[in-house]
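Please read the structure below before turning to the comments.
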Amino acid sequence: MSADSCGGKVALRNLVNSIKCIRDRVRDGESNESDGAFNLSNFWDTLNQAVKAVSQEATKLSLAFSKPPLPSQQDGEKLAESIMKSILTLSTVYYWLPKSQGLALRRLVRDATVEVLEGVAQLAEVIMSSPVESLSQEQLMSTGGVWSACDQFPQLSKDNKAAVVVVLLCEVRVVKDAIEEIEQALAEGEDPFNDVLDDDQDGDEPRGNQDMYWSENDRQVIGACQGLIKAAAACLRKLTSAVKSNGDFSTPQNVSQLDDLADISKEISPGVDDLALCLYPPMDYNGVKTNVCKLAALLKKVLEIIRSSHVCGESELTWVQFLDGAIDHNLQKAKDLIQQES
């Protein structure tokens, strides 16, 4: 490989450093707020064009370094300059999206943009470390990674209402998984760890450590906690439907309410996980009490925010009130059972 060809790869090193700097600014930077009218449809048209340009430039870069002869230093610099231009355009268009269009939407676009930038940087790094003789599998995969990151843009939520629905559906899945894990552990019998720990230390004798088993009172406490977690799942499902039906992003107030709903809802699955972890034997009753109270308080707060938002109509108020009562019932039931044990 000639020194001139090596120079073609030298240009990529500077490109990688520049892309990473832009990525960090996109990840942590603020949008360019303006007093003028913002056209969301035009933004998406321009953004998709910018993303398409990055994909095309990444393809050109990969092809140029796919077989000998490698680009000369001058050609390498031209390639790097061209792809850098497309990267700058993409990041600039991203900055056009103001917070007033919704934080949930902006986070979605930001994360997708960062994924593209990271993909291009990785591709350039792979090219720098790849042999000259042939197109490596790693380079093929990195090129495909950039394409995949770019291809997701047309499928992204186009407004804050749709972006909030994405957040809520993710929370629904996580809480549903937690419910299924608890039910599976209960269905597997006396020992929830029978598929994790070996029982063959003493031949066929079962483990004698009762700390590995649930007592009858443990199971009753779990039942109350399950009721609370199911109330959390129902709250998320109902809220998702309400946002789909009633969500509006035509005013700053409604956009802000949607963001508030998304933010508070993202706290539910960690609260559910914290409670679920306390339920495994030996059951930590103090931990269960602490986390059941925290989750109940969080759910009451979620319901209050729903009740005061524009997505809550008369039909929604019915289930909000029902779930409020279900939370109180299961919280008190869990507290009573824990008190009996202590």
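Note: hydrogens, waters and symmetry copies are ignored here, and every other heavy atom, side chains too, is used.
Here the side chains of L40 and L105 are in contact, with some heavy-atom distance below 4.5 Å. By the 4.5 Å heavy-atom criterion applied to side chains, K161 and L258 are counted as neighbours. Contact of the T113 side chain with the S91 side chain is not registered, since no non-hydrogen atoms from C-beta on lie closer than 4.5 Å. Residues M283 and I222 meet the side-chain proximity criterion, which asks for heavy atoms closer than 4.5 Å. The shortest distance between side-chain heavy atoms of L303 and I327 falls below 4.5 Å. Side-chain atoms of N39 and W44, non-hydrogen and from C-beta on, never get closer than 4.5 Å to each other. Proximity of S62 to Q139: side-chain heavy atoms (C-beta onward) are separated by under 4.5 Å at one or more points. No side-chain heavy atom of K333 sits less than 4.5 Å from a side-chain heavy atom of V221.
The minimum heavy-atom distance between A80 and A11, with the atom names listed, is CB-O, 4.0 Å. For the residue pair I268 and A232, the shortest heavy atom distance occurs at CG2-CB, 4.0 Å. For the pair W319 and L239, the tightest heavy-atom approach, listed with the atom from each and the gap, is CH2-N, 3.8 Å. For Q101 against N160, the heavy-atom pair with the smallest separation is O-CB, 3.3 Å. Here the shortest heavy-atom pairing between A234 and L323 reads CB-CD2, 3.9 Å. Closest non-hydrogen pair, K60 versus S82, comes out as NZ-OG, 4.1 Å.
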Report task. Go through the steps for L47 and W96 under the test side-chain contact (heavy atoms from CB on, under 4.5 Å), then give the verdict. Result -> CA-CA 10 Å; L47 183 66; W96 289 354; over 6 Å; no
*Carefully, step by step, assess E216 and R219 under the rule salt bridge (Lys or Arg N to Asp or Glu O under 4.0 Å).*
CA-CA 5 Å; E216 184 54 37; R219 288 176 175 270; 5.3 Å; no
Working note: I83 + V54, criterion side-chain contact (heavy atoms from CB on, under 4.5 Å); need CA distance, chi angles, decisive distance, verdict.
CA-CA 7 Å; I83 200 166; V54 172; 5.6 Å; no
Give the intermediate values and the outcome of side-chain contact (heavy atoms from CB on, under 4.5 Å) for residues L317 and C312. CA-CA 6 Å; L317 198 56; C312 185; 4.1 Å; yes
| task | Apply side-chain contact (heavy atoms from CB on, under 4.5 Å) to V93 and F43, showing your working. | result | CA-CA 7 Å; V93 175; F43 165 77; 4.0 Å; yes
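Using a distance-only test at 3.5 Å, with no hydrogens or angles considered, a donor-acceptor pair links the side chain of H310 to the main chain of D248. Put simply, the side chain of S256 never gets that close to the backbone of P252: no donor and acceptor are under 3.5 Å apart. Remark: side-chain polar atoms of W147 are not paired, donor with acceptor, to backbone N or O of S142 under 3.5 angstrom. In this structure a side-chain-to-backbone donor-acceptor pair under 3.5 Å is missing from E267 to I264. A donor-acceptor distance shorter than 3.5 angstrom exists from the side chain of D259 to the backbone of L103, with no hydrogens or angles considered. S308 places a side-chain N or O within 3.5 Å of a backbone atom of I305 that can act as its donor or acceptor partner. With S148 contributing its side chain and G144 its backbone, the two residues share no donor-acceptor pair below 3.5 Å. Proximity of a side-chain donor or acceptor of R106 to a complementary backbone N or O of L97 within less than 3.5 Å is detected. Within the 3.5 Å criterion, the main-chain N or O of G287 finds a donor-acceptor partner in the side chain of N291. The backbone N or O of L63 lies less than 3.5 Å from a partner atom in the side chain of S66, making a donor-acceptor pair.
In terms of the side chain to side chain donor-acceptor pair (under 3.5 Å) criterion, residue partners of N246 (sequence neighbours excluded) are, by chain and number, E316.
Residue L299 forms a side chain to side chain contact (heavy atoms under 4.5 Å, CB included) with just one option from I229, L228, L236, and that option is L228.
With respect to the salt-bridge test (charged N to carboxylate O, under 4.0 angstrom), the residues R23 and E115 do not qualify. Using a 4.0 Å cut-off between a side-chain N of Lys or Arg and a carboxylate O of Asp or Glu, E81 and K78 do not qualify as a salt bridge. The pair R107-D263 meets the salt-bridge criterion, with a side-chain N (NZ, NE, NH1 or NH2) lying under 4.0 Å from an Asp/Glu carboxylate O. For the pair K176 and E171, the salt-bridge criterion is not met [side-chain N within less than 4.0 Å of a carboxylate O]. Residues D24 and R27 are paired through a salt bridge, judged by an N-O separation under 4.0 Å between the basic side chain and the carboxylate. Residues D324 and K300 are paired through a salt bridge, judged by an N-O separation under 4.0 Å between the basic side chain and the carboxylate.
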Using distance only, find each side-chain donor-acceptor pair of residues 162-170 under 3.5 Å and give its atom names and separation, not counting sequence neighbours.
none

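Within a 6.0 Å sphere centred on NZ of K158, heavy atoms belonging to other residues, nucleotides or ligands number more than 12. Atom CD of E118 sits in a crowded spot, with more than 12 heavy atoms from other residues, nucleotides or ligands closer than 6.0 Å.
Judged purely by distance below 3.5 Å, without hydrogens or angles, the side chains of Y213 and D218 never pair a donor atom with an acceptor atom.
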